[in-house]
Amino acid sequence: MYHITLDTNTWIYLANGTEPVRILHYIVHEVEKANITVLLPITVKDEWNTHKDKTVKQGILKHFNDVTSDLKRILKLFGDKKQVKIQNFLFDKVDDHIDKFADLVSGFKTSREKVEEAVANNIGIIDKLFRERCVVIEISDSVFVKAGKYALAKKAPFKMRNSFADAVILFSFLEYVKSNKIEQSMFISYNTDDFCENKEGKKHLHPDLVDEFNNAGSRFYKIVGEAISTIKEDIVSKEELEHIIKWQDEIMDEADIEYCRICNSNNERFSPLYFNTYSKLVDNRPDSYFDPNQLKIFPDLHKDGIHDEDRSVIDVGHCSWCNGEHFICVDCNTVNEVLESEYNSIKECEGCGLNYVVKRTHDHDGFHTSKYFILPLTVFCDRCGLSFDNQDISDGFCKNCVTESFLQG
């Protein structure tokens, strides 16, 4: 029996065809035969549900949009048939070239529809696998503590950035494998920036994590096909692995690029965002609040710098095409667009549901500035049903109801 865990990004790349879909079908088939068990950290499940549609389809649409745009530009260079006849020194049979190239553009658009249908089918397969056939791993307090200690020590996966979620996914897998004395387990992730080091032009598991895997008797892989090849030898060819490695390098080069949600929703255009400004942030939550989405469960860890204590600014970016405003949530790092109708009203973070108000003001020259507010945390009293600030509620009751209950004996 083999036990495998795939990081969130790896499921995404299985769904969008970065790796052969037969690997996905093979995993499902072997799970049904009880030859493979998929261990699913709850964080991976939550991240998949949040990003499966947008991220998987975004990668496919970007590829087709880029190629279609290039093909259209080439077609325009040919000009119409009348113009090309004047420039017939370029081609022996000008009209045939134009017709064939126009057919190519049309055929490429048709193939896009088939690819989108296949991707939707792959997403459905993974959804069903997650619902019915996986062993879901909950996150224990010891995993939170371990991730915190690694963050303070700036060990992998905290070398490049704050990777708390990645650390929790990895350590929850290793803890489960070790505590259940599981043999033949594998952890697979495309996230080589966090989990690996580059040595002599090749990426290997980071030394900070080698002992963790050895103690759990587990193995780390960067590619699903490479891992599954240890179970079924002929699942992928050498040429396919080389192609996947090349794709993986290209993916990681573009991993940090964020695209405009507004352009993508309106016309499926992929325009990069530039986060080079900060706007003023007023956080009206109590200072003692620790957001569970960012695992702020230990005040001493927060104090020592896992999370930035300066909550006076927020990272804001703008689209290179439409200039649409976007911001990065201070709790969960989700990128959120701000539509025209959402200014000066409550804007809920798509990732964690934190409530913002983006107040926009205009100066005499017509330029606008944005100021961000996080609303006070409010909860409802179990007795009177009114809403109150979080700190004014105790054991589900507001102060007034507690007082009345005491007076009534």
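Since this is a predicted model, take the numbers as computed values, not measurements.
The shortest side-chain heavy-atom distance between D283 and F373 does not fall under the 4.5 Å cut-off. In this structure, the side chains of S312 and L281 stay at 4.5 Å or more apart for every pair of heavy atoms. Taking the side chain as every heavy atom from C-beta outward, I125 and H25 approach each other to under 4.5 Å. Looking at heavy atoms from C-beta onward, K33 lies in side-chain contact with H29 at the 4.5 angstrom threshold. Counting only heavy atoms from C-beta outward, the side chains of R261 and H326 approach each other to under 4.5 Å. Within the 4.5 Å cutoff, the side chain of P41 has no heavy atoms near those of the V168 side chain.
By the 6.0 Å contact criterion, CD on E233 is open, its count of non-hydrogen atoms from other residues, nucleotides or ligands being 12 or less. The number of heavy atoms from other shown groups lying within 6.0 Å of CD (E242) is above 12.
Summarising the geometry of L40 relative to K45, their closest heavy-atom pair is CD2-CB, 3.9 Å, with the distance given to 0.1 Å.
Shown here are the side chain to side chain donor-acceptor pair (under 3.5 Å) partners of S229, two or more places apart in sequence or in another chain: there are none. For F327, the ring pair (Phe, Tyr, Trp, His ring centres under 6.0 Å) criterion is met by Y356, Y372, not counting sequence neighbours.
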Pair up each side-chain donor or acceptor in residues 212-223 with any protein partner under 3.5 Å, not counting sequence neighbours, and list the distances.
{"residue": "E212", "atom": "OE1", "partner": "K146", "partner atom": "NZ", "Å": "2.6"}
{"residue": "E212", "atom": "OE2", "partner": "K146", "partner atom": "NZ", "Å": "3.2"}
{"residue": "E212", "atom": "OE2", "partner": "Y150", "partner atom": "OH", "Å": "2.7"}
{"residue": "N214", "atom": "ND2", "partner": "V210", "partner atom": "O", "Å": "3.4"}
{"residue": "N215", "atom": "ND2", "partner": "D211", "partner atom": "O", "Å": "3.1"}
{"residue": "S218", "atom": "OG", "partner": "S185", "partner atom": "O", "Å": "3.1"}
{"residue": "S218", "atom": "OG", "partner": "S185", "partner atom": "OG", "Å": "2.9"}
{"residue": "R219", "atom": "NH1", "partner": "Y221", "partner atom": "OH", "Å": "3.2"}
{"residue": "K222", "atom": "NZ", "partner": "K203", "partner atom": "O", "Å": "3.2"}

Evaluation steps, side-chain contact (heavy atoms from CB on, under 4.5 Å), between V31 and V38: CA-CA 7 Å; V31 166; V38 175; 3.8 Å; yes
Residues Y13, I244; criterion side-chain contact (heavy atoms from CB on, under 4.5 Å); working and verdict: CA-CA 10 Å; Y13 297 137; I244 295 168; over 6 Å; no
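When the options D7, T10, T5 are evaluated for a side chain to side chain donor-acceptor pair (under 3.5 Å) with S189, the one that passes is D7.
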